[in-house]
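Below is one structure, written out as structure tokens; comments come after it.
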Protein chains: 2
Amino acid sequence: MIDSSARGSASGNRIWQPIPLTDVAIDDRFWAPRLRLNRERTIPYQYEQCKETGRIDALRLDWRPGQEPVPHIFWESDVAKWIEAASYSLATHPDPELDALVDGTIALLAGAQQPDGYLNVYFTVVKPGQRWTDLRDAHELYCAGHLIEAGVAHYQATGKTALLDVVRRYADHIDTVFGTGPGQKRGYCGHEEIELALVKLYRATGEERYLRLARYFVDERGTQPYYFDLEAAERGAPGFFEPDLTSSNLRANREYNQAHRPVREQTEAVGHAVRAMYLYCAMADLAGETGDASLLDACKRLWDNLCSRRMYLTGGIGTSAANEGFTRDDDLPNETAYCETCAAIGLVFWAHRLAQLEPDARYADVLERALYNGVISGVSHDGARFFYANPLASRGDVTRQEWFGCACCPPNLARLLASLGAYVYAVGPDDVAVHLYVQSSARLTVKGQTVTLRQRTDYPWDGTVAIDVAVEQPTTFGLRLRVPDWCRAATLRVDSQDIDLPHNVERGYARIERQWRGGERVELVLPMPVERVYAHPNVEADAGLVALQRGPLVYCLEEVDNPVALHRVALPREASLSAHMDEDLLGGATVVTAQASIADDTDWSGTLYRPEPSTARPLSITAVPYHAWDNRGQGQMRVWLREDGDTHSG
Amino acid sequence: MIDSSARGSASGNRIWQPIPLTDVAIDDRFWAPRLRLNRERTIPYQYEQCKETGRIDALRLDWRPGQEPVPHIFWESDVAKWIEAASYSLATHPDPELDALVDGTIALLAGAQQPDGYLNVYFTVVKPGQRWTDLRDAHELYCAGHLIEAGVAHYQATGKTALLDVVRRYADHIDTVFGTGPGQKRGYCGHEEIELALVKLYRATGEERYLRLARYFVDERGTQPYYFDLEAAERGAPGFFEPDLTSSNLRANREYNQAHRPVREQTEAVGHAVRAMYLYCAMADLAGETGDASLLDACKRLWDNLCSRRMYLTGGIGTSAANEGFTRDDDLPNETAYCETCAAIGLVFWAHRLAQLEPDARYADVLERALYNGVISGVSHDGARFFYANPLASRGDVTRQEWFGCACCPPNLARLLASLGAYVYAVGPDDVAVHLYVQSSARLTVKGQTVTLRQRTDYPWDGTVAIDVAVEQPTTFGLRLRVPDWCRAATLRVDSQDIDLPHNVERGYARIERQWRGGERVELVLPMPVERVYAHPNVEADAGLVALQRGPLVYCLEEVDNPVALHRVALPREASLSAHMDEDLLGGATVVTAQASIADDTDWSGTLYRPEPSTARPLSITAVPYHAWDNRGQGQMRVWLREDGDTHSG
């Protein structure tokens, strides 16, 4: 049973609420240009891509056998994520042209909806009569989930209910098909997504049956007998992806779908990384809405496993292209790292949800790590090329692409960037929290009072953050400021009065509780020396290697700055590391320079092995933020560099 | 045209002739027990495996559709290599029981031969009527080649012509089917082997048409229009391995079969490594028999590429399991190294042939490297388990197997070991050469005189080699002793008189020319300190790493001796390295010990990344010869270790 008190601002365990997107205005020099580019270039570009590839027109349901292209099983999800991104953009930046484009697309979606509420082009025109016969691989509920998220976002952004009505009817239909009642299918989707979407729909509509359905999908997952086996037996055929037997075998592994055991018994982040993140998001959402501690406990176990054994330094997750996901603990190879953009985005989603349940900065620390590195690496500086995989090293054979046959990542990036404002602040019953340092203004409501925060900073290039507090009337609340895990010497002052940080930090947040009268200036200084970073000795791929980080940004060497064989470069442990702002680099970025060494081959004379080590010669190196790589021509890249003790230097 | 003078002991460029197997008696403590094990355990064991798996009985041609197992397209090659191994064994160690087993098997083969001489079980009973329709993938000529090698070996070992007659009739048939004449197929085999076999058949029979046919196959290879395309078009179906589309696509790459261009224009070792080696063997054979310098030149280019860019420290070759072969220059990852046992054996074959053409020790240097490391690693100390792939690092997930569905490696090992005596010495027009240091007695004929060499040594455990020369009558000839490339301080004496080595070494061989009267003692001392070995800076996989070698033996760490996470181990550059004979280790082996360090994780407390490097604590390590690994339980293994400068030590 769902605790009926679990709604509204104090629902269940969800004690920290994000504030509405429209109540935050970002005006810094790091994010603001990116958000503008996302709005002005990426979102229109992605519509064009959807249009050109047939994703939009497929909604007319006029495909006939023999025509190319054949609508793909998850095309709707791309269109839905684009609508969601466009909706967030409309919420903060009204744009009649975009509004009309969205409305037109929604009209096509509405037209594609069947009389019973069902809405999926592939199973309407390509494989009619085969609805819900392959939940494991066919992505129907996944697509439905994205449509629902789009419907909620569009409604919240514009107040229009056109798409919300469509997705409610679809959700109502799904609610009749799936469940434990007589004649219902006891299934769940092979690609999680609908669960978190149904929670959003519940929050937007107040309809508890959507929350119940989300909970059903989460609770049913991984129970025995395994639904995917039952449906395969009933179907009598392997699925829609045959004869790709390798993929089929891979999908037959229940861990691939996080369906190997009930979710509360899962302890390791396994399988397809995006699917895992979306499931974990729903688990956190349900914990928040229902107060189900067993789901939060499962989330925390999975979080610990992910963050201590299976996450790249960039916040990228998913080691292997074969399953687009996890392999085993500590298996974090750099060049072959998959690190799908969507998976890092999914980690941001999950971290954001967990931060709503517990005032522990570790969630926002990881959110920040992923956001500033493995997420925004996914889009080019011109906003129109995208990485699907985000490896931590390259021999020069990868570069961003204009689009993908499976185009999940580009619109996922667009919707995250368009909604970034919602990730910066949060409000609890007695507190206001600052999760991210982004120059911005925010209006928050705490204890029924409106509080305005004006945050000034040049983060992530500089770690000085000034927050001016304004209140309508004097209000007592706690102001929580995250002290990032990368920072080792933070200082805090309020109106020039030093705050003793070690005594005022709770689980990673500095907390200042007082009666705020308005006009106070809070100054947090987060010194940003360039740091060497090392991986746990369990990580074989990084043994003997060092990475560079400054503030939240992971750095890398790129061939364009260092035109040598990058694997030959070694950084002496004692080398001094300098940072300076290069205003000409992609709109301005802090670069790191150092005196390193490079193995020489001039005295090798054709031999492959020899008893003398290579000599090394000095090499000045320049490192740039990882997210910025591959914007100045294709070439080699490395995050982890060999570290030399002094005997290696020539 | 073939130079008709190209026969006999002075044929063409083949100036260095190996001596008959029966004229060498090996009695050392390294090889003699291995050869006995091969004779007494491995060869009988492999017959049993062939019998149990159906390879022998398939020759009765009584398979009917629906029966299991279905005869495989290259089963005959396993049987043939077993006969070849057994024949070499019979040549040096007569054994009536084995002799009868071989005769019985040959009778089955003879019974399987078709009236026109054709002999292939698969295309006789499984796919009748489809002979020669898929030269690229179906291995018919490959199997024929192994049968021919077996026929020649059996004849030379026993004087019996039963199998020789069979394979001559088969070769005569093949000679009618393939060639440039009217109605003949202008094809060649996707898996080279028949070419070198036909040269052997020519040498055994004096029939020039076999040499011509070998030359046709080599010359035709890679010419346009591509035969594999023509036969595919004619066949109208992809081949016999469908629906394995991945493999099919891979095989469609012409480099896979070394058929991308004519052999004389090939400059890089590409594709399937075993195929490459067998082709290159035939090219060297043909150069030797015909004096065709263009083939020798091609061999030398390919040799340089292989040995300077594509060979593992163990003499293993072939980087990737995907194509069982080569990838690109300097791509030598250790854990995923393929290094098929057959490929290292093929490298021994090729090196041996090139050493017959040029008195350059680089060929025997590589032969020795492969033989002592990547070849004999292929068989267990009990003679009955085998490696197919021989990686240079393992997390503990690989171990030798009892047999393979594709069982090319085990009998390939057996035939090489059974014929090892033929690799130790060679005779040129005026010289005797010692390629390998193995305690043995050898009878050689140089300038028409019989010379007996008695070599005493504990090689490879000790580098002191004493050779007593005996002659029937005083004879002037040069005695060439290879100075191994791993040795940096060789000394040489004849009857206690020092020979100035630097002035008497020609292309890697110390040469002592004199009138030998008999009773001379030649003493070569090859000091064997434990050496650190480094890879060329181009090899990314070995950057910052060091390997240990002593004499010809590459060493490795095994988990059984070093029960730690081996990737955490680092060897300081200054650490002293000790060697001692461990008589209890697998029949006696020299082990290497050193004081290394291991990264500690006790102060990591669950963090995956941190700004402080791991501390290191001292660790005593024990390294064993690479070939000996995986004989004392399954576990981790590493050849290349991280090398630490002194700042890394704790």
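Every chain is numbered from 1, with letters handed out A, B, ... down the list of sequences. Quick caveat: nothing in here was measured; it's all calculated off a predicted structure. Side chains included, hydrogens not; waters and symmetry mates left out as well; all remaining heavy atoms used.
Here the side chains of A:Pro537 and B:Trp604 are in contact, with some heavy-atom distance below 4.5 Å. Side-chain contact between B:Arg610 and A:Glu531 is absent, with no heavy-atom pair separated by less than 4.5 Å. You'll find the side chain of A:Arg532 stays beyond 4.5 Å of the side chain of B:Pro611, heavy atoms only.
With hydrogens and angles disregarded, a donor-acceptor distance shorter than 3.5 Å links the side chain of A:Tyr609 to the backbone of B:Leu313. A distance-only check finds no donor-acceptor pair linking the side chain of A:His536 to the backbone of B:Ser605 [under 3.5 Å].
The structure places CG of A:Asp644 at 9.5 Å from CG of B:Asp644, a figure rounded to the nearest 0.5 Å.
If you measure heavy-atom distances from A:Arg395 to chain B, the contacts under 4.5 Å come from the side chain alone. With a threshold of 4.5 angstrom between heavy atoms, B:Glu612 approaches chain A through its backbone and through its side chain. Interface remark: A:Arg488 contributes side-chain atoms only to the contact with chain B (heavy atom separation under 4.5 Å).
If you run salt bridge (Lys or Arg N to Asp or Glu O under 4.0 Å) between A:Glu540 and each of B:Arg642, B:Arg638, B:Arg568, only B:Arg638 comes through.
Chain A forms more heavy-atom pairs under 4.5 Å with one residue of B:Gln549, B:Arg328, B:Arg310, B:Arg309 than with any other, namely B:Arg328. Across B:Ala547, B:Cys307, B:Ala543, B:Pro613, the residue that shares the most heavy-atom pairs under 4.5 angstrom with chain A is B:Pro613. Contact count versus chain A (heavy atoms, under 4.5 Å) is highest, among B:Ala565, B:Ala535, B:Gly606, for B:Ala535. Contact count versus chain A (heavy atoms, under 4.5 Å) is highest, among B:Leu332, B:Asn538, B:Val533, B:Val539, for B:Asn538.
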